[in-house]
Amino acid sequence: MDATSPPDVGVQKRPSIAIILLFIIIAYPVLKVLYNVYFHPLSKIRGPLLHSASRIPYVLSLLKGWSVQDFQKLHQRYGPIVRVAPNEVSIAQPEVWNDVFQLRQYNEAVRHHHEFLKDPVWWQPHASATGRVANILTAIDPEHHARLRKVIAPAFTSRALKAQESFAQRYVNLLVERVREAAIASEDEIDMKDWFIFTTFDIFGDLGFGESFNCLQDSRYHPWVARIFGSVKAVVWVVSTRYWPALHSLLLMCIPPSIQEMANEHRRQIEDKVRRRMNYEVERPDVFSPLMTARRDGKSNNKLVAMTMDEIDALFSSLVNAASETTATTLTGTLNCLVQNPSIRNILATEIRGTFDDQSEINIDALRDLPYLNQVLKEGLRLCTPVPWVLPRQTPPEGAIVCGTFLPGGTSISTQAYTMNRNPEYWHDAESFLPERWAPEALTDKDSPFYKDRRDGFQPFLVGSRACLGQHLAWAELWLITAKLIWNFDFEQSKDPERRLKWETQKTFMLVETQPVWVKVRPRALA
Ligand code: HEM
């Protein structure tokens with residue numbers, strides 16, 4: 001090139017921009033990984049290198065449904081606090097309940113309680129109509145949550161439960177009738193998981209929307225109930241895409257259409273049922289009653305701020321699963337443990353059949369203090385907890401000491417109930433179904449093998465301001481259904497080893513995706 005030629009500015013600039021872009025595309029993730037592994041404030045917390053470097057292994061576990069089992073293995077290897085993603089730790093140590101979920105002392109310096117709020121990745125509203133606004137489960141702001149909880153709480157008091165008992169009893173009696181018919185009609189074994197789902201959804205349908213799903217009446221799934229777990233899976237997919245905000249919209253398009261359709265169907269059903277329920281009054285108090293009262297009186301009563309229609313839709317969208325899947329899973333798991341342990345099943349049968357001469361005597365007040373029944377159900381909840389991991393909370397901005405370890409502000413913490421409940425360091429013979437561990441003597445008798453069990457690690461309904469609002473109802477269903485079934489039937493494990501349910505092999509998508517529990521059912525011979 002001679003010296004008079006003009007410099008080819010464009011030709012020189014283009015490669016340099018491309019190189020910079022290329023550098024950014026390649027270097028950014030590499031630098032980010034290096035930062036995550038070596039310089040991140042959580043870099044001192046133990047965990048597998050890949051999990052410390054990137055969110056990808058965590059999300060893969062979530063989407064495959066194996067997060068609970070995968071995290072349990074990590075805890076067995078790395079201890080009770082494990083770094084499971086660049087800014088998330090998983091904790092499986094009993095002190096976590098107090099350190100994270102109980103309200104902290106008021107901090108004068110920062111003028112607020114050191115609260116661990118729900119992690120927005122999991123809980124912020126999403127685009128579906130029923131998830132557009134926060135509900136009692138998803139509200140992050142404590143004041144907002146307190147308002148929503150206050151409106152709905154009257155539906156779940158012991159007094160309200162007393163008024164609801166007679167219709168819950170009606171469904172449990174119908175369950176007994178249907179199981180008897182099925183047992184007499186065929187020699188075949190019965191999948192009791194379906195019957196538990198029928199019962200808990202029918203009870204909540206009536207309690208929530210004023211109309212049953214009629215699963216028990218028709219002895220089959222209501223089409224929506226059959227697909228409802230799909231809406232839970234849809235949430236897991238949506239959440240997974242949020243870990244990469246820049247790619248969020250693109251990743252949303254990768255959600256399988258079948259999963260999207262299930263979420264849409266869920267929304268349509270909720271809106272339809274909510275609007276139908278709003279058009280009539282029911283005589284007994286149900287979940288809707290306090291909402292209607294608040295809408296009617298809200299404006300004249302400053303203490304109650306009524307929920308909007310969007311908030312009511314969102315509330316029922318969450319409640320229908322929170323109220324039904326959880327209890328059905330516990331019943332399925334407990335029955336599975338009972339048929340695997342016939343001697344325990346016989347002790348329970350002796351207690352229930354010895355206490356009640358006729359099944360009409362079986363009621364909530366009589367069951368509340370029945371010792372062995374309560375021990376059996378607690379043990380069922382320990383081994384087969386329907387919420388095996390509590391979704392992430394975040395440390396307050398100033399950071400906090402959790403289970404003896406300082407975690408910087410904004411760290412996500414997920415709590416592994418499943419791992420804690422099965423840890424041999426916390427429980428004698430941890431993997432075995434032993435209701436005796438809950439006997440009062442085990443607490444005081446130093447010679448009892450269960451004396452040192454970490455009962456404080458067992459919190460199936462959570463503690464603190466976000467503890468389960470429906471736990472009275474849950475207990476009432478667990479007592480009534482278990483007691484009436486055991487009073488009426490002898491249950492035996494499936495003869496076919498292939499059909500026997502291994503609890504540990506089930507997947508979890510926030511809630512456990514429960515598999516069939518096939519059992520032989522024999523109506524009890526009454527004199
Ligand atoms: C065995 C059955 C059940 C178990 C083990 C269970 C467990 C739980 C757990 C662990 C939470 C806390 C979730 C979190 O914040 O991450 C929760 C919240 C909740 N549960 Fe349950 N639950 C059961 C049954 C029910 C039933 C029958 C209802 C009735 C409607 C219900 C209603 C709720 C509500 C409304 C919340 C949100 C509370 C709040 O954030 O203020 N649950 N439950």
Side-chain angles (χ1 to χ4, degrees), residues 96-97 100-101 103 115-119 122-123 134-157 160-161 164 168 196-197 199-209 232 235 239 286-288 290-291 307 311 314-334 377-378 380-394 412-418 420-421 458-482 508 510-512 514:
V96 70
W97 301 120
V100 171
F101 296 96
L103 193 61
E115 260 190 86
F116 289 65
L117 302 183
K118 291 193 162 188
D119 182 344
W122 279 90
W123 303 99
N135 62 53
I136 183 170
L137 261 154
T138 61
I140 297 175
D141 173 55
E143 277 181 30
H144 186 184
H145 167 257
R147 170 175 85 78
L148 297 175
R149 189 160 170 133
K150 194 169 181 175
V151 176
I152 189 81
F156 296 104
T157 58
L161 186 64
Q164 294 152 359
F196 291 138
I197 291 186
T199 313
T200 56
F201 272 92
D202 275 0
I203 292 176
F204 187 76
D206 204 330
L207 184 64
F209 305 112
V232 179
V235 173
V239 166
D286 66 2
V287 176
F288 235 97
L291 301 179
M307 286 191 201
E311 282 178 335
L315 168 72
F316 280 92
S317 174
S318 282
L319 268 192
V320 75
N321 276 316
S324 314
E325 284 285 345
T326 47
T327 316
T329 297
T330 311
L331 289 162
T332 307
T334 307
L377 289 171
K378 278 190 185 167
L381 273 167
R382 181 181 72 87
L383 285 176
C384 311
T385 182
V387 187
W389 69 303
V390 179
L391 298 180
R393 301 328 205 235
Q394 280 189 332
S412 296
I413 301 173
S414 51
T415 304
Q416 302 300 320
Y418 177 92
M420 248 186 287
N421 291 353
F458 171 75
Q459 299 294 356
F461 295 100
L462 207 67
V463 289
S465 62
R466 307 302 295 245
C468 177
L469 188 58
Q471 50 190 298
H472 293 307
L473 175 64
W475 273 112
E477 291 182 340
L478 295 176
W479 289 324
L480 285 173
I481 294 171
T482 309
T508 299
M510 295 200 291
L511 301 174
V512 181
T514 320

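Quick note: residue numbers are just sequence positions, from 1. One-based numbering, in listed order, for ligands and for the atoms of each.
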Would you check if the side chain of [X] reaches a backbone N or O of [Y] as a donor-acceptor pair within less than 3.5 Å?
X	Y	result
E477	A474	no
R149	H144	no
T385	P388	no
R393	L391	yes
N135	A314	yes
R382	N421	yes
T330	T326	yes

Proximal ligand 1 atoms for [X], defined as those under 4.0 Å from one of its heavy atoms:
X	answer
P386	5 (C)
V390	16 (O)
A467	38 (C)
T327	2 (C), 27 (C)
T330	1 (C)

Nearest-neighbour protein heavy atom for [atom], which is reported as residue plus atom name and distance:
atom	answer
atom 40 (O) of ligand 1	R466 NE, 3.0 Å
atom 35 (C) of ligand 1	L319 CD2, 3.6 Å
atom 37 (C) of ligand 1	L137 CG, 3.7 Å
atom 7 (C) of ligand 1	P460 O, 3.4 Å

S318, portion touching ligand 1 at heavy-atom distance under 4.0 Å:
neither
What part of E477 sits under 4.0 Å from ligand 1 if we count only heavy atoms: the side chain, the backbone, both or neither?
neither
Sequence-distant partners of W123, ring-ring contact (aromatic ring centres under 6.0 Å, His included), two or more places apart:
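Partners of W123 under the ring-ring contact (aromatic ring centres under 6.0 Å, His included) test: none.
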I want to check something: taking the side chain as every heavy atom from C-beta on, are E325 and P386 in contact at a cut-off of under 4.5 Å?
no
Is the closest heavy-atom distance from [X] to ligand 1 below 4.0 Å?
X	value
Q459	no
R393	yes
F156	yes

Please report the number of protein N, O or S atoms that lie less than 2.8 Å from atom 21 (Fe) of ligand 1.
1
Show the nearest heavy-atom pair for residues S318 and L137, with the distance to one decimal.
CB-CD1, 3.7 Å
Salt-bridge test for R147 and E311: reply yes if a basic N is under 4.0 Å from a carboxylate O, no otherwise.
yes
Is the W475 ring parallel, tilted or perpendicular to the F461 ring (thresholds 30°, 60°)?
tilted
Using 30° and 60° as the class limits, which term best fits the ring planes of W122 and W389: parallel, tilted or perpendicular?
perpendicular
I'd like to check whether W123 has a polar contact with ligand 1, where a contact means an N/O of the residue lying under 3.5 Å from an N/O of the ligand.
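Between W123 and ligand 1, no N or O pair is found under 3.5 Å apart.
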